[in-house]
Structures are given as C-alpha cells and as structure tokens.
Amino acid sequence: MNFYDCIIVGSGIAGLYTALLAKDVGTVLVLTKGSIEDCNTRHAQGGIAAAIGKNDSSDLHFQDTISAGDGLCDIKAVRTLVDEAPDRIADLIKFGVPFDTVDGQIALTKEAAHTVPRILHAGGDATGEHIEVTLSRRVRMSPIKVMEYCLVTEIIVDENNVIGIKAIDSRTGSVLEYESRCIILATGGAGRLFKYTTNSEVATGDGIALAYSAGAEIADMEFFQFHPTVLRLPGVPSFLISEAVRGEGGLLRNVEGYRFMPDYTQDAELAPRDIVARSIVYEMSKTGSDRVFLDVTHLSPQLITARFPHIYRFCLDRGLDITKGLIPVAPAAHYLMGGVMVNTWGETNISGLFAAGEVACTGVHGANRLASNSLLEVVVFSKRIIEKMRSASSRKIKSKKSINKYYSIQKPKNTEVRLLLNLPNLETLLWDKVGIVRTGEGLSEAAEILATWEQCLPSCVDRATYELHSMILTARLMTEAALYREESRGAHFRSDFPNQVSSWQRHLLFRSW
Ligand SMILES: Cc1cc2nc3c(=O)[nH]c(=O)nc-3n(C[C@H](O)[C@H](O)[C@H](O)COP(=O)(O)OP(=O)(O)OC[C@H]3O[C@@H](n4cnc5c(N)ncnc54)[C@H](O)[C@@H]3O)c2cc1C
C-alpha cells in the first residue's frame, strides 16, 4: 500500500485547485475515473461570481445569495464565501485563468437573481473550459501524481479516522489501495440520475455514495436545481444555453410566440432558476409542447457572437443561426445543492475526510443556488481545506447545522416491481417522479422501486456497475429526502404541499449508522 500526504478524488476544478495548493504541504495523489478533463467544470459557461465591481459589495452579494437560498443558507458559510471571493479570483488570475476584459478592466455580466453585474467570464461563454485547461496544465507540470481512469470504490475508515481508499483501474481491472490521513472528495454532482441533464457522464453521485457508506453525514439531498434553458433539438445532446443569455436580454416565448414570463413573475426572465423552470413546465403543459423558445433575435448579432461564441457556434453547426431564429429550449437537471455535509473548513464528521465542490454541502446554496456561485464556492472552500491541512489541528469536528435527528433510508417493502433495473429506466423514473414538480404519491412510488432495485443490483465488477450502485444509493437519498420534506422551498416543489412551512426551515440529514 502506498502512502500520500493527501489523496484527492476527482479532477474538476475542486480536485485540481486543491491539488495545486496541497502540493506545497506534502505528497499528493489525484485519482480520477476518466481522463483528467472529464468533468462538469469543463462545461461551465456563464462564469464565476465575485463582488469586485464598482457598484457592488460583499454585503450585496451576501443578500442575493441568502435570498436565492430561501431560508436554508448557512449564514457563516455565505459570509465566508462572499468575503473571500475577491482574493480567490486573484489566485485564479495568478494561476493564469484568462478572464475577459473590457478596456483593461475585468468584464462583468449580470445573471438572474444577482442585483448587479458581478459575473466574471473567460472566452465569452467558455469559462469552465479555460479554468479546467489552465489548472490541468499546471497540475501536469507539477510533481502531483495523477492516475486517470481510476475509479475510487471505497473510503477506508478506522474508528472515525480516514486511513485510505480503494480504487479500480478501469483499463486493467486491477484493484488499488492507497493510504492517507487526508482524503479530499472532489467527485462532483449527480445530474446523470435524470433523463434530461446538462451534466457530463461522470456526474453519477459516486462521492455521496462513498461518503454515506463510510459513515459521513449527507445533507439537503432534496434540493436539486433544474436549469430552465437547455437546448431541445431532435437528435442533439443536451446543451446548456447559459443564464447569461437571459442576462443580456434574451426573452422566453411559448410555441405560439407569446412572451410568457411576465405573467408568472415581475422579474420575468431574470427570476431565480426554480421559478423560471417551473413557469416553463406550466407553459409547455398549457400549450401541449415539449419546448419553449429563447429569443435573442432583437439583440445585435455582434453582441451575440462576441459574448456567446461557443453557444452560437454549437447551434450554427446544427443548422440554427441564433441571431436569426428562435432557440428551442426546455429545463434539465443541472446542480445538486445538497451533498456531503462539511463545515467552513471543508471537514466532514469523519476525521481526515474533506469534501470540496459540488459533492460537498457547505450550506452556501441553501435550497437554491445563485447562478455562478458554485465555481466560487469551490475555490473559497478548497483553499480553506488546505489551510486546515496545513495547520494540522486535531479539533473535534462537530455538526454545524441545527440538526434534531438523523434520517435513514427505508427498508424495502415486499412489493413486486415489474420495472426492469437499467440506466434508461432509472433516469426516466427520476425525471418523472423526482423532477421539477413532485408529489407524495410519485415520490413514494419512486422510493419503493429504488429500494427494490437496490436488492437486485449486479455485483460490482467494473466502472459501469460501480456507478449503478452509486446512482441507486444517491437516488434513494434524494427521493426519500424529497418525500420527508412536506413543503415547497427553493428548488424543491411539491404540488401536494405547494407552500413554505416555517417548521421545515431546517436541514434533513442522513447517516448510515
Ligand atoms: C453545463 C454546465 C454549466 C455550468 N455553468 C456554471 C457556471 O457558469 N458557473 C458556475 O459557478 N457553475 C456552473 N456550473 C456548475 C459547476 O460547473 C460545477 O458545480 C463545478 O464545475 C463542479 O466542480 P467539481 O470539481 O466539484 O466537479 P466536476 O467538475 O464534475 O469534477 C468531478 C470529478 O470527479 C471525478 N470522479 C467522480 N467520481 C469518481 C470516482 N468514483 N473515482 C474517481 N474520480 C471520480 C470525475 O471524473 C471528475 O473528474 C455548470 C455546470 C454545468 C454542467
């Protein structure tokens, strides 16, 4: 068994950024299940939020984040996020991330639910790609050891202390074991659980399943964000049409050409994502269509091609010139607000186990993430993990949230489930029953099917079977959390409990023992 001072699982922004900081503290191993650049980060378009503009302040950023989070943000974590943002942006610039500028100043754009323009971007709408390429290049030039195509399958824990991990090399099938007293989970989200998603194929909830199985606390799983505007063209894979397109003036029209958002909310197209996504769902059902349209034809073609070169080119290559024609869009699964519960130092309840990025639940997003706060969350809290590692303090880790009790996932009843367990059925089940508009009946049905499927999972032999195990466990946590929460708040909407309930202003926390 090989020893490293720090083992990092994942090579998105969270994995690479923590690796680059951790290398100054000791030896670092990064394990990643695909190639180094297979991740969600690479697909991020809009940008990264930070209060660096003239008319902005960390207090304004704080207020916008809190109001999007709908009563469930962790105040201390949000304060940390907004206060440390400018310094972390400076770090990214030092690493070489080429943020766009206008007249020598960093260019800032506005996105939904931000009161002022505060989104930095790179390459117009290719922010994630620039960050990923910049960081991965630095990692490749450093002494950090990176093992691609190695899927982590278990976190080894002894008396609540992390001691190592197990993995399989997907190319050879060999089982690997590494020892460390510091393991950072940076495995990203779980968007692949849903039939329609913006997420890359690696987003299968592995980190949540690994942490839960090791005894870590998992929080806020019922809060999953659906992005309102994802390209819906026949035969074309899901492709995000960034929030920033509406920020620059894009309008939503139904199939009859009618601009419908002002009928739902005074913020119209710039309302928070959950409101826009639900409004689109209602409008699609009213008009009997599976799509609506995003209209940018009134904007100058120069603005469109300069600000959204990637989106413009992607659509043009598929026969759609967005400067002249309407963009067919519909909502899709996008971002997991919940995850492995951590404090403001990225620590879980297991000593030596940290979580960073989308797999973690720092509490900054509450029930609904403010656009472009996730890349920021990664850099702010990753830096703090390494500071904690550096100080090597052995503070007793305490739960930070107001938890009354732990929830656990249910034992399956002896119902017969005729639906075959396979990936398309799983994705359809989650989309239909655990999607944008939920009901107790649909959630109960999904919970029962998932529990039964868990009993008949194939043995873990390769990446696909390991991922299926992780997806079922993650789906169970998400579905059962959504079933417990009998109210609507943020991204979690129950048509049988459409109102917010003050006694539910608390977190749902799962633990396996
Ligand atoms: C299309 C799209 C657009 C977005 N736009 C924005 C935006 O404009 N602004 C913003 O702030 N956020 C945006 N987001 C969200 C943001 O990009 C992600 O939340 C963020 O990039 C997550 O980074 P991460 O490092 O946590 O995860 P990822 O980038 O997804 O990386 C996860 C890594 O973990 C690896 N991994 C997973 N499981 C295992 C395992 N078992 N063993 C080994 N390795 C494993 C994966 O291979 C991958 O390398 C967007 C997301 C998408 C999908």
Side-chain angles (χ1 to χ4, degrees), residues 7-19 30-50 109 111 119-122 125-129 131-132 135-136 146-155 165-170 176 184-192 197-211 225 227 229-231 238-244 247 310-311 332-337 339-340 355-360 365 369-379 381-382 463 466-467 469-471 474:
I7 295 179
I8 296 167
V9 190
S11 61
I13 180 174
L16 299 180
Y17 188 75
T18 45
V30 174
L31 292 146
T32 191
K33 69 179 174 182
S35 84
I36 196 169
E37 279 159 16
D38 287 342
C39 58
N40 269 354
T41 300
R42 197 162 54 90
H43 302 282
Q45 295 178 347
I48 179 166
T109 193
E111 285 186 343
I119 318 300
L120 296 88
H121 42 87
D125 54 1
T127 312
E129 193 176 330
I131 292 178
E132 185 68 19
L135 299 184
S136 61
V146 179
M147 295 186 60
E148 294 175 295
Y149 304 100
C150 287
L151 175 112
V152 172
T153 57
E154 189 184 335
I155 300 166
I165 51 106
K166 284 189 186 164
I168 54 160
D169 184 328
S170 317
L176 313 164
I184 304 174
L185 277 177
T187 49
R192 296 309 301 193
T197 181
T198 61
N199 285 199
S200 79
E201 60 174 27
V202 297
T204 51
D206 299 14
I208 288 154
L210 286 167
Q225 187 171 75
H227 198 287
T229 56
V230 177
L231 189 66
S238 286
F239 176 78
L240 186 75
I241 307 294
S242 168
E243 190 99 21
H310 189 52
I311 295 172
H334 189 56
Y335 184 85
L336 176 62
M337 266 79 70
V340 183
E358 196 167 332
V359 68
H365 308 304
R369 174 180 71 114
L370 186 66
S372 288
N373 262 356
S374 45
L375 292 172
L376 177 64
E377 178 195 29
V378 174
V379 286
F381 293 96
S382 296
R463 175 170 161 180
Y466 274 109
E467 285 183 340
H469 278 247
S470 297
M471 288 172 90
T474 307

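As the structure lists them, so they are numbered: ligands from 1, and atoms in each ligand from 1.
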Quiz item: With a 6.0 Å cut-off on ring centres, are His227 and Tyr335 close enough?
Solution: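 Between Tyr335 and His227, which both carry aromatic rings, the centre distance is not below 6.0 Å.
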Quiz item: Counting heavy atoms only, which of Ser11, Ser382, Ala244, Ser200 comes nearest to atom 49 (O) of ligand 1?
Solution: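 Looking at heavy atoms only, the winner is Ser11.
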Among all protein heavy atoms in this structure, tell me which lies nearest to [atom], with the distance rounded to 0.1 Å.
{"atom": "atom 25 (O) of ligand 1", "result": "Ala14 N, 2.9 Å"}
{"atom": "atom 30 (O) of ligand 1", "result": "Asn40 N, 3.0 Å"}
{"atom": "atom 10 (C) of ligand 1", "result": "Ser374 OG, 3.2 Å"}
{"atom": "atom 37 (C) of ligand 1", "result": "Thr187 O, 3.4 Å"}
{"atom": "atom 23 (O) of ligand 1", "result": "Thr41 OG1, 3.2 Å"}
{"atom": "atom 9 (N) of ligand 1", "result": "Gly47 O, 2.7 Å"}

Report yes if [X] has an N/O atom closer than 3.5 Å to an N/O atom of ligand 1; otherwise report no.
{"X": "Asn199", "answer": "no"}
{"X": "Val378", "answer": "no"}
{"X": "His334", "answer": "no"}

Exercise. Could you tell me which non-hydrogen atom of Gly46 sits nearest to which non-hydrogen atom of Ser242, and how far apart they are?
Key: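 Nearest heavy atoms, Gly46 then Ser242: CA-OG, 3.7 Å.
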Quiz item: For the residue pair Ser11 and Ser35, what are the closest heavy atoms and their distance?
Solution: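 Shortest heavy-atom contact: OG-O, 4.0 Å.
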Give a yes/no verdict on whether any heavy atom in [X] is under 4.0 Å from an atom of ligand 1.
{"X": "Ser372", "result": "yes"}
{"X": "Gln225", "result": "no"}
{"X": "Thr127", "result": "no"}
{"X": "Thr32", "result": "yes"}

Self-check item: Glu377-His365 side chain donor-acceptor pair, cut-off 3.5 Å
Solution: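 Distance-only check passes for Glu377 and His365.
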Quiz item: Would you say the side chains of Ser200 and Arg42 form a donor-acceptor pair under 3.5 Å?
Solution: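 Checked: Ser200/Arg42 side chains show no N/O donor-acceptor pair below 3.5 Å.
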Self-check item: Residues Lys33, Glu467; criterion salt bridge (charged side-chain N to carboxylate O under 4.0 Å, His left out); working and verdict
Solution: CA-CA 10 Å; Lys33 69 179 174 182; Glu467 285 183 340; 2.7 Å; yes
Self-check item: Any donor-acceptor N/O pair, Gln225 side chain to Ala333 backbone, under 3.5 Å
Solution: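 Side chain of Gln225 to backbone of Ala333, a donor-acceptor pair under 3.5 Å: no, none is there.
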Exercise. Could you check Val152, Val359, Ile165, Val340 and say which one makes a side-chain contact (heavy atoms from CB on, under 4.5 Å) with Leu210?
Key: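 Per the side-chain contact (heavy atoms from CB on, under 4.5 Å) rule, the option paired with Leu210 is Val152, out of Val152, Val359, Ile165, Val340.
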